[in-house]
Amino acid sequence: MAHIFRELSRNLSRNPGTALGSLLSLTLLFMLFELYWVTAITSARFYSHLLSDLTMEVFLTEETADSTLTSLQTTIASMDGVKSVDYISKQQARAELSRLVGVDLLIGYDSLNPLPRSFILTFSPEYLTATIMADIEGEIERMPVVSHVSYSKHWLEKTESARALILKIGMVLGAVILLAAWMSLVNSIRLMTRARAVGFSQMRLLGAGKLFLALPFLVEGFLIGGLSAGVGWLLIFYGKQRIAFTQFEIVVPTLQEISIFCGAAALLGIISGYLGIRRLLR
Amino acid sequence: MAEKVVAELNNVYLESDRGAQVLQDLNFKLHAGHSAVITGPAGSGKTTLVELLVGLRFAQSGSVELFGEYLKTGSARSIRYVRRRIGGVGGIFALIPSISVAENIMMPLVLAGERRKVRQERLLKMLSEFSLLKCAGEYPSSLTRVEITLVQFARASIAHQPLMIIDEPLAGLDRETYQRITDYLVTVSLSGRSMIILSSEILSQQLPNMDYYQLMNGALS
C-alpha cells in the first residue's frame, strides 16, 4: 500500500503539468455537465410549477338541463386523471368576467346572460401531457351536452417539444463530455506511463503482477476523476450563493445524487487509468 | 533422497523472429545448491537462454521448467512465481530508472509483501555489504557502471532468491571489484543458492559445485 501511494505521489510530482492539466480540463468538462444538470432540473421544477396551474374548461350547451349537471359532473370526475371538477354557473361566469375586465359588461342583460355554463377540471400531475390531455379532450367532446372544450393545448405541446429537445441536447452533451473526459484522462495517464515504460518491464521481470503496476495509475484516475467532479460542484455552489433570481429558485441535485455523480466520475477515472496503462500490461 | 531440481530444459528449440535457428535440442538441468557457468561467443544465444529462463520468450518445442513450474505462453502466474525466485544481474536485468537505489534493492521484498521492518533491516545489510550506503538515495542514472553492478547484486540477494542468473558479471569491472564479485560468487555458492552465470569468457576462479557448459550452435555441451 505504501508503495502504491509512493508511486502515485511520484507520478503526480514528476508530471505535475500533466496531472494539473487533466484535473483542470476535467473540472471544466464536468462543470459544463453539472451546469446543464442544474439548468435542466431548475427548468423542470419551473415547468411543473406552471403545469400545475393547467386547467381544462368544459363548456355546456344552452339546452343542457340543470337536472343532468350532477350526473355529468360525476361522470367527468370519474375519468382517469381528473383530480377535481368545479361547476361554474352563468352567474359565476359573469362575476369572473367582471373580475377580469374590471367592469360588468352584462348590466341590463340579467335574464339574457349569454355566458355558457361550464366545468373547470384539474388533473393529477402525471396526466398533464399533450397526448393524455388530447385523449381526455376527445372523450369529453363526444358527450352530447358539451359544446366545446378549452385548455392551453398549443402551449402544452410546445413546452413538451422544448423539454424533449433539452433532453436530447443533454444526452448528446453527456456523451460528448464523457468521451472528452475519458480521452483526456486516458491520454494524460498514457503520457505518464510512457515515461516509465522501462521501469515497468523491469518490475515485471522482478515478478510484479499487473495489479501491482496498474494500481497507482488506477488510484490516480480515481482521484483526478472524483476531484474534478467535486471541484466542479463546489464552484457551482459558490456561484449559486452569489446569484439569486427573483422569478425562480435555482435547484441543485441532492447530496446523494452529487455523491453518485462524483463516484461515477471517479469510476470513469479508474476505467481511463486502466485504458491508459493497458498496453504496457500486455 | 533425490536432489531438488531448480531448472530443467528439455529438447528446447527456438527460432528468432526472422526464422533463424537460435537454440536447438538444448538440454540443461540444474540442481539446488549447484551452479552452472555457460560460456559462448557473442550471438551464441546466451541472452536468449536467459529470456527463456525468466519467461520473456517461449520455446517453440521442448519444455522449460523452473522450480517445478512449466514456463509457457499464458502461464502468467507461473512466470510471476518463477521471476520472484530469481535474482538477476547484468544483461536484461537493468535497474528501474524512476526509483532510488534503495528502492531498487528493496523491490523484491516489496513484491514479496515483506514487512517494512524486515525490508529496512535487509536493505541496510545489503547497502553495507556492497558499500552502497553513500548512494542509497541516488537514482540509477547518476551511478557508475560498477555501482550499477553492485546494486544489481544487492537486489538479487536481498530476498534470498534461490536462483541467481548473472549475465556477463565481470565485463567492464576494475580489478578490485572483479575480485570482490568473484569472492561474493563463492560466498553465494557456499550458501546453497544456485547460480547460472553466462559469460563470454571463462571465470578465473573456480566456484564450488560448479559445472561448466559451452553454448555452441544453439546447444549446450
Side-chain angles (χ1 to χ4, degrees), chain A residues 1-22 186-221 223-224 273-282, chain B residues 50-51 53-57 66-67 69 71 73-74 76-100 102-117 119-120 139-141 148 151-152 155-156 158-159 161 163 165 167:
Chain A
M1 218 43 172
H3 167 79
I4 288 160
F5 282 102
R6 206 164 37 242
E7 277 293 295
L8 172 68
S9 64
R10 199 172 276 144
N11 283 349
L12 299 177
S13 62
R14 288 206 179 152
N15 305 285
T18 316
L20 192 68
S22 59
V186 167
N187 281 330
S188 68
I189 289 178
R190 196 171 281 163
L191 275 175
M192 288 190 224
T193 53
R194 197 164 290 173
R196 302 178 61 236
V198 181
F200 261 58
S201 57
Q202 288 312 316
M203 284 210 218
R204 295 197 76 178
L205 210 49
L206 294 172
K210 287 181 181 179
L211 191 64
F212 181 85
L213 294 171
L215 219 47
F217 294 94
L218 301 188
V219 174
E220 187 185 319
L223 288 179
I224 291 180
Y274 172 73
L275 292 173
I277 200 171
R278 188 178 52 165
R279 201 170 290 172
L280 280 175
L281 295 178
R282 278 182 198 146
Chain B
V50 176
E51 288 174 350
L53 291 168
V54 294
L56 276 181
R57 295 179 77 158
L66 275 98
F67 305 108
E69 300 280 335
L71 301 188
T73 315
R77 200 193 58 79
S78 297
I79 292 168
R80 227 169 30 241
Y81 171 79
V82 165
R83 286 177 180 176
R84 287 187 186 183
R85 295 168 76 83
I86 293 174
V89 178
I92 59 168
F93 302 103
L95 297 179
I96 301 162
S98 58
I99 58 176
S100 69
E103 287 173 304
N104 261 289
I105 296 173
M106 272 198 296
M107 191 50 77
L109 295 178
V110 171
L111 292 169
E114 276 295 352
R115 285 179 298 122
R116 188 183 166 86
K117 197 180 165 210
R119 292 204 304 258
Q120 296 294 344
Y139 284 85
S141 57
I148 287 172
V151 173
Q152 287 175 342
R155 187 180 66 179
I158 194 165
Q161 294 95 320
L163 174 64
I165 297 178
D167 194 358

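Letters A, B, ... mirror the listed sequences (proteins, then strands); counts begin at 1. Only this structure's heavy atoms are used, side chains among them; waters, hydrogens and symmetry mates stay out.
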Please flag which part of [X] lies under 4.5 Å from any non-hydrogen atom of chain A: side chain, backbone, both or neither.
X	result
Ile92(B)	both
Arg77(B)	neither
Gln161(B)	neither
Phe93(B)	both

Check your understanding: More than 12 non-hydrogen atoms from neighbouring residues, nucleotides or ligands closer than 6.0 Å to OH on Tyr139(B), yes or no?
Key -> yes
Is a side-chain donor or acceptor of [X] paired with a backbone partner of [Y] at a separation under 3.5 angstrom?
X	Y	answer
Arg83(B)	Arg204(A)	yes
Gln202(A)	Ala94(B)	yes
Arg80(B)	Gly209(A)	no

Check your understanding: Do you know the tightest heavy-atom contact between Leu111(B) and Gly207(A)?
Key -> CD1-C, 4.1 Å
Practice item. Heavy-atom pairs under 4.5 Å with chain A are the metric here; pick the option from Ile86(B), Ile96(B), Ile79(B), Asn104(B) that has the most. Key: Ile96(B)
Review point. To the nearest 0.5 Å, how far apart are CG in Leu206(A) and CG in Leu109(B)?
Key: 11.0 Å
